[in-house]
Peer 1: 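Mind looking over this structure? Questions follow.
Predicted model, so just to flag it, every value in this text is computed and none were measured. Letters A, B, ... mirror the listed sequences (proteins, then strands); counts begin at 1.
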2 protein chains.
Amino acid sequence: MAEQTEAPRRTPLSRERVLRAAVTLADEAGIDSLSMRNLAQDLGVVPMALYKHVANKDELVAGMIDVVIDEIDPPLAGTDWKHAVRERILSARRVLRRHPWVSLAIESQQTATPAILAYLDSMVGTFRGAGFSVDLAHHVMHAMGSRTLGFSQELFDTARNAGRTGATTPAPPAALPAQFADRFPNLAEIAVVASHDDASVVGRGCDDQFEFEFALDLLLESIERLHQQGWTSSR
Amino acid sequence: MAEQTEAPRRTPLSRERVLRAAVTLADEAGIDSLSMRNLAQDLGVVPMALYKHVANKDELVAGMIDVVIDEIDPPLAGTDWKHAVRERILSARRVLRRHPWVSLAIESQQTATPAILAYLDSMVGTFRGAGFSVDLAHHVMHAMGSRTLGFSQELFDTARNAGRTGATTPAPPAALPAQFADRFPNLAEIAVVASHDDASVVGRGCDDQFEFEFALDLLLESIERLHQQGWTSSR
DNA sequence: CTCCAAGGTGTACGGCGTACGCCTCCGTCG
DNA sequence: CGACGGAGGCGTACGCCGTACACCTTGGAG
């Protein structure tokens, strides 16, 4: 028993460190690999030690969400509302693409976290500050839906990918399984055209970023039109 | 050993019966209560018996999704695309409100199910049949996002509910906790106005159906405008 | 020097999905 | 009619999961 000295003496845990390690783990190994046990192992600690810093797993995930949401840029000052909203949403999108597990985590969670509330509140504030009525601001927030947070379900992408054969085929155009093209001719047509006309994007049928901005701008322009018309509730 | 006769002789399992029981269980007890064990118990059977009819839990959920998606009305024939799309999406919304677990299940699932593919394909077909270019149909599908399936994340609702005190307060107007109104003034303002001006909806701050249709119509009108302008890709 | 709280540990429980082998029917066919 | 074989339900068991609870260590305050 000569060497109780020179112990590694690792830096102590903290809520901050736990949350950051959890975000990193989820980023790198996927949200399914985020278990209290795995997380504890990454931190060189026994699972139950985590419970001194987070109440339970749900609260851990809520904390992780807040960490990520706080990465979103603050609203641009000194521009029109449309530009400010657009840029902020694109910032949110960049953040959520760095942490792909977040959108699903947000939807699974039943209650909004403080950071989400603050973000939404600030977004409403931008509209209100530009002269939007409370009603219009309200409807507009609903209309944007999850796009305010930089994501919309990419289930149409999923559908497109379902036509592909393997996991990492180099995607030669028109390499759709014949069966798929047969049963879903309209989807197949889109997949073929999309993979033809942008040769720059290799292995992807379409440009998600373009699609996201397309939909975002469509909404923003509609909203602008409502606003200019002095829209008031017609319920 | 006198009574091996007169056994209850329950009707045998089948994939059909398993899926239907699973949907019912998820509807009534929530998706979190859907375990192979609970489901087996509901069917009066041992858990492993289910695996003779579904490959595993993921495949079970995929089957459940398909059962639900098939409840969506077929597209209206003999009307303009706008009306057809609108009614079909509202039908999808009605279905998904009967089965609130489905939207999350769809998003969790990484691959689209056959029924979802068929539904999306048919929707694209409606646009194409109305003279939409492949490109425009593609972008439009992205723009609609999850709204095509009758849902958009109601996280703004979640935010609003976060302002409420208990679970089932009768929601007197302006009963928001002061702390909430302080930290999120813009959200609070919306909540107050919304709960003031429709006395018909008790205990709800706003009318989800109205909000959904508002956003849907906003999109449909924008899309109509693009279509009438003979929109072509500008990438 | 003592105490005490904060924080890390160990054990244990009940639940989960599901692999694997068994048994029991029942329809088919020689 | 008797043997057989496969479909379908059963039992056991394994390795995960979240986390309750009691314990121990440690460092700073009194």
Peer 1: Once you measure the plane-to-plane angle for H142(A) and H138(A), does it fall in the parallel (<30°), tilted (30-60°) or perpendicular (>60°) bin?
Peer 2: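 Geometry flag for H138(A) against H142(A): tilted rings.
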Peer 1: Whole angstroms only, please: what is the CD-P distance between Q41(B) and dC10(D)?
Peer 2: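 Answer to the nearest Å: 13 Å.
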Peer 1: Going by the rule side-chain hydrogen bond (donor to acceptor under 3.5 Å, both in side chains), which residues pair with S146(B) if we only count those two or more places apart in sequence or in a different chain?
Peer 2: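 So S146(B) forms a side-chain hydrogen bond (donor to acceptor under 3.5 Å, both in side chains) with Q153(A).
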Peer 1: Counting only side-chain nitrogens and oxygens, does H53(A) get under 4.0 Å of the OP1 or OP2 atom of dA6(C)?
Peer 2: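 Result: no.
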Peer 1: In terms of side-chain geometry, is the basic nitrogen of E213(A) or R93(A) positioned less than 4.0 Å from the acidic oxygen of its partner?
Peer 2: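 Salt bridge between E213(A) and R93(A), a charged N being under 4.0 Å from a carboxylate O: no.
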Peer 1: Pick out the pairs of N or O atoms, protein on one side and nucleotides 15-17 of chain C on the other, that lie under 3.5 Å.
Peer 2:
{"unit_1": "dC16(C)", "atom_1": "OP1", "unit_2": "S35(B)", "atom_2": "OG", "d": "3.1"}
{"unit_1": "dG17(C)", "atom_1": "OP1", "unit_2": "M36(B)", "atom_2": "N", "d": "3.4"}
{"unit_1": "dG17(C)", "atom_1": "OP1", "unit_2": "K57(B)", "atom_2": "NZ", "d": "3.0"}
{"unit_1": "dG17(C)", "atom_1": "OP2", "unit_2": "M36(B)", "atom_2": "N", "d": "2.9"}
{"unit_1": "dG17(C)", "atom_1": "N7", "unit_2": "R37(B)", "atom_2": "NH1", "d": "2.4"}
{"unit_1": "dG17(C)", "atom_1": "O6", "unit_2": "R37(B)", "atom_2": "NH2", "d": "3.1"}

Peer 1: Decide, yes or no, whether a salt bridge links R98(B) with E71(B) under the criterion of side-chain N to carboxylate O below 4.0 Å.
Peer 2: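 Judged by the 4.0 Å cut-off on N to carboxylate O distance, R98(B) and E71(B) do form a salt bridge.
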Peer 1: Distance check needed: dT9(C) C1' versus L50(A) CG, whole Å only.
Peer 2: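 For the pair L50(A) CG and dT9(C) C1', the rounded distance is 12 Å.
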Peer 1: How many whole angstroms separate atom CG of L60(A) from atom P of dC17(D)?
Peer 2: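 The distance from CG of L60(A) to P of dC17(D) comes to 14 Å, rounded to the nearest Å.
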Peer 1: Would you call R15(A) and E59(A) a salt bridge, using N to O less than 4.0 angstrom?
Peer 2: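 Looking at R15(A) and E59(A), the cut-off is met.
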Peer 1: Between dC23(C) atom P and M48(B) atom CE, what is the distance in whole Å?
Peer 2: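 Checked: the CE to P distance equals 17 Å.
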Peer 1: Nearest-Å distance, NZ (K52(B)) to C1' (dG8(D))?
Peer 2: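 Going from K52(B) (NZ) to dG8(D) (C1'), I get 5 Å.
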Peer 1: According to side-chain hydrogen bond (donor to acceptor under 3.5 Å, both in side chains), who are the partners of Q41(B), at least two apart in sequence or on a separate chain?
Peer 2: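 Listed in chain order: nothing, the list is empty.
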